[in-house]
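Working notes, structure below.
The chains referred to below are lettered A, B, ... by the order of the sequence lines, with proteins before strands, and numbering in each begins at 1.
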Amino acid sequence: MTIRAIRVIPCLDVDEGRVVKGVNFVDIRDAGDPVELAARYDEQGADELVFLDITASSDKRETTVEMARAVAEQVFIPFTIGGGIRTVDDTRRLLMAGADKVSVNTAAVKRPELVAEISREFGAQCCVVAIDARRSDDAKSGFEVYTHGGRVRTGIDAVVWAKEVARLGAGEILLTSMDRDGTKDGFDLPLTSTVSDAVSVPVIASGGVGTLDHLVDGVIDGHADAVLAASIFHFGEHTVAEAKERMLAAGVTVRPPE
Amino acid sequence: MGTIDANRPLIAILDYGIGNLHSAHKGFEHAGADARLTSDRGLIAEADAVVLPGVGAFGPCVDALRDSGLDEVALERIDAGVPFFAICIGQQLLFAGSEESPGHPGLGVFDRMVREIPDTVKRPQMQWNIAHRTTEHPMFDGLPAEPWVYFVHSYSCDTGPDVVATCDYGDTLVAAVARDNVWACQFHPEKSGRTGLQILGNFVTAALTENSST
């Protein structure tokens, strides 16, 4: 017997330690405060949080470490930090500050051993590999890995890469469809199911969520183990609790909102 | 030896140089303890309670614990009857050994093995799951009948008479064990939201109770 509870994960963009991209809760004191927003999502029943660091300047990265420390002091659900992580040392600083996982993307494509190094040093459970994929006739699976926020083609087949990072020690895969990202048209379900079925580690579906039913589709048709969304939660369209109620009504197991 | 503030028990979180202990530290503080990350034997001996955390793989954890010498300190505190809480890999370290790391024996407080979760499910189990209580235990005081807690693990402890909670993932897995002054859980109470903080608080209460009775 198995309980497979799908995780619902809000994703927040942070720049120099501040949440950006117009998170718009009613009553929020400071829409840029990662601690306050994380606490709000925790109250709504979020299972985890992902902070995507878009800080451009590498000498400002210490602000992200400070943010991780502040969040970990107040919020007691797991959180991942992704963006700009290139080395084991980058990873160590974030984990020691209280992040539970780091997510690596471009740096892993450039140097796949990074995945093995992080996994060996800190355990697979804290090593998330983010894969940004687009549809491509050149890839055998029909999906190709892109880097640099979806701008740079790699020529690597997304399914081949997913299997490779799982072999190297990734604890899970954060899979984003760059074709769907920002469209609100729903997850790329064939991409999600193809990758999820190909690997033995959990897959987080990302990119394109515009309605609560899209979350359900990502699980039932996309075979995702977790669903990530940003705008539908940030702009007050839906709470995480509403998302979970819809998923429960559709027969998807989730940790019920308290 | 007591603490300065009788309502805030001193909890020593064993720092043997492994992983992220920040969350466990803050979690116990949040739950009302004077929590210290420490490898100081004097402080550990003074503490009202001891926590053995752990994250990552079994072998590196048990090797680091032995290299630090805190394995003996932990066993000594357990024998002394001090409230003791082992979390995640910490729980596994109290067992005899793990399939994950052959040749790296555990502390053997529980004379059973740690084995890989069946490959019929995705591993690690990385999700919230229900801790099904198999018996009454103060670890779960004040919680709903079926509390949800956060698990991250690919290996699981063999079952036995000391199991106090299980979860269903590929099999009936051990979620928590307890014997006398020793509590241990596979899940991460410090990452299980309000439910987890209640569990940490229950241990703080146990530490206080023990402290006032000695």
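- Neither the backbone nor the side chain of A:A226 comes within contact range of chain B, judged by heavy atoms closer than 4.5 Å.
- No more than 12 heavy atoms of other residues, nucleotides or ligands sit less than 6.0 Å from atom CD of B:E72.
- For A:S196, the parts lying near chain B are the backbone and the side chain together; criterion is any non-hydrogen pair under 4.5 Å.
- Note: A:M1 CE to B:H132 NE2 = 5.5 Å, rounded to the nearest 0.5 Å.
- Here the straight-line distance linking atom CD of B:Q127 with atom CD of A:E48 works out to 10.5 Å at 0.5 Å rounding.
- Only the backbone of B:E190 comes within contact range of chain A, judged by heavy atoms closer than 4.5 Å.
- Rounding to the nearest 0.5 Å gives a distance of 8.5 Å between CD of B:Q125 and OG1 of A:T2.
- At a threshold of 4.5 Å between non-hydrogen side-chain atoms, the residues A:D225 and B:K122 count as touching.
- Neither the backbone nor the side chain of A:A166 comes within contact range of chain B; no heavy atoms are under 4.5 Å apart.
- Interface residue A:R7: only side-chain heavy atoms are found under 4.5 Å from chain B.
- Residues of residues 74-82 of chain A that come closer than 4.5 Å to chain B, counting heavy atoms only, are A:V75, A:F76, A:I77, A:P78, A:F79, ordered by residue number.
- The closest side-chain heavy-atom distance from A:D100 to B:K191 is below 4.5 Å.
- Contact of B:P60 with chain A is not made at all, since no heavy-atom distance falls under 4.5 Å.
- Between chain B and the residues A:V201, A:V254, A:I6, the largest count of heavy-atom pairs under 4.5 Å involves A:V201.
- Within the 4.5 Å cutoff, no side-chain heavy atoms of B:L21 are placed close to those of A:M96.
- Note on B:P144, B:P124, B:G196: by heavy-atom pairs under 4.5 Å with chain A, the leading option is B:P124.
- Considering only heavy-atom pairs separated by less than 4.5 Å from chain B, the leading option among A:P202, A:G123, A:C126, A:G98 is A:G98.
- Neither the backbone nor the side chain of A:S119 comes within contact range of chain B; no heavy atom of the residue lies under 4.5 Å from a heavy atom of that chain.
- With a threshold of 4.5 angstrom between heavy atoms, B:N129 approaches chain A through side-chain atoms but not through N, CA, C or O.
- Among B:Y169, B:W128, B:W148, the single residue meeting the side-chain contact (heavy atoms from CB on, under 4.5 Å) criterion with A:I3 is B:W148.
- For B:E136, the CD atom is loosely surrounded, since the number of other residues' heavy atoms within 6.0 Å does not exceed 12.
- Judged as a ring pair (Phe, Tyr, Trp, His ring centres under 6.0 Å), and not counting sequence neighbours, the contacts of B:F110 are B:F95.
- Residues B:H153 and A:Q125 fail the side-chain proximity criterion, which asks for heavy atoms closer than 4.5 Å.
- In plain terms, the two heavy atoms of B:H22 and A:A97 that are nearest each other are CD2-O, 3.4 Å.
- Contact annotation for B:S23: both backbone and side-chain heavy atoms come within less than 4.5 Å of a heavy atom of chain A.
- Contact of A:R69 with chain B is made through backbone and side chain together, with heavy-atom distances under 4.5 Å.
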